[in-house]
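Values in this document were obtained by computation on a predicted structure and should not be read as measured data.
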Amino acid sequence: MRKFITTHIKVIFSTEFIFVLFLFSGRYKALLGFIPIDITLLLMIITFALLITKHLKTLVIQKYVLYLTLLFAILSTYVFASSVYSYSEVQAHEKTFRFIFVTGWAFIGTLLIIKNNESIYKFLTSITLIAFIMTISTIYNFMFFNTGSFITGLGTNYLGTATTISLGILIIYSAFLLKKETKKV
């Protein structure tokens with residue numbers, strides 16, 4: 001039990017956990033409306049800084065990462081070029097900017113942060129922890145604030161709640177099946 005707790009505490013203080021918080025920031029952003037800076041932007045900056053400070057010395061960029069980054073750059077160029085034909089120039093530039101930087105960091109950050117089995121474990125465990133917290137929040141809201149309409153967790157809508165909890169369940173179920181399969185071999 002002690003090993004389980006220390007392992008999960010290490011996960012909470014990992015770059016992978018902060019990155020998962022960035023990826024799921026849209027799910028709980030409404031709860032943090034009192035923060036004067038956009039939480040997605042803040043977590044993007046923090047994860048980028050953590051990658052630079054902690055992992056830059058040992059960072060080895062594989063060839064496939066370069067190919068996928070080039071593919072994303074081509075897609076971003078297409079998105080930028082297509083924004084010229086938009087009816088609203090301001091909205092087009094804002095969406096293009098968000099796509100290139102936020103989606104770009106979600107895509108490229110995943111390639112750079114998740115580099116081995118330990119990183120994958122921390123990443124998947126982080127998603128499961130977020131899903132668990134959202135599940136507890138949803139059950140609490142159902143028990144004490146049930147208005148007969150949609151039940152939500154952590155301030156997100158029902159789709160965000162369902163997606164996050166389902167992803168956590170899929171990860172746990174997959175881990176269970178893999179562990180069961182490994183015991184057979």
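Residues Y173 and L177 have side chains in contact (heavy-atom distance under 4.5 Å, counting atoms from C-beta outward). Between I9 and F13, some side-chain heavy-atom pair lies under the 4.5 Å cut-off. Contact annotation: the side chain of I100 never approaches that of V79 to less than 4.5 Å [non-hydrogen atoms, C-beta and beyond].
The backbone N or O of L21 lies less than 3.5 Å from a partner atom in the side chain of Y28, making a donor-acceptor pair. Using modelled atom types, no side-chain atom of S137 and backbone atom of I133 make a donor-acceptor pair closer than 3.5 Å. Here the side chain of S14 pairs a donor or acceptor atom with the backbone of V11 at under 3.5 angstrom. At least one donor-acceptor pair closer than 3.5 Å links the side chain of T6 to the backbone N or O of K3. For S25 (side chain) and I39 (main-chain N/O), no donor-acceptor pair under 3.5 Å exists by modelled atom type. At distances below 3.5 Å, at least one donor-acceptor pair connects side-chain atoms of S83 with backbone N or O atoms of F80.
At a cut-off of 3.5 Å, with distance as the only test, a side-chain donor of K29 or T40 sits close to an acceptor on the other residue. A side-chain N or O of S119 and one of N116 form a donor-acceptor pair less than 3.5 Å apart.
Taken to the nearest 0.5 Å, the CE atom of M134 stands 5.5 Å off from the OG1 atom of T156. Between the CG atom of L23 and the OG1 atom of T164 there is a distance of 11.0 Å, given to the nearest 0.5 Å.
In this structure, F97 has its ring center closer than 6.0 angstrom to the ring center of F101. In this structure, the ring of Y64 has its center no less than 6.0 angstrom from the ring center of Y67.
With sequence neighbours excluded, the residues forming a side-chain hydrogen bond (donor to acceptor under 3.5 Å, both in side chains) with T47 are W105, listed by chain and number. Residues passing the side-chain hydrogen bond (donor to acceptor under 3.5 Å, both in side chains) test with E94 are R98, sequence neighbours excluded.
I12 approaches F17 most closely through the heavy-atom pair O-CD2, 3.2 Å.
Heavy-atom contacts from other residues, nucleotides or ligands closer than 6.0 Å to CZ of F99 number more than 12.
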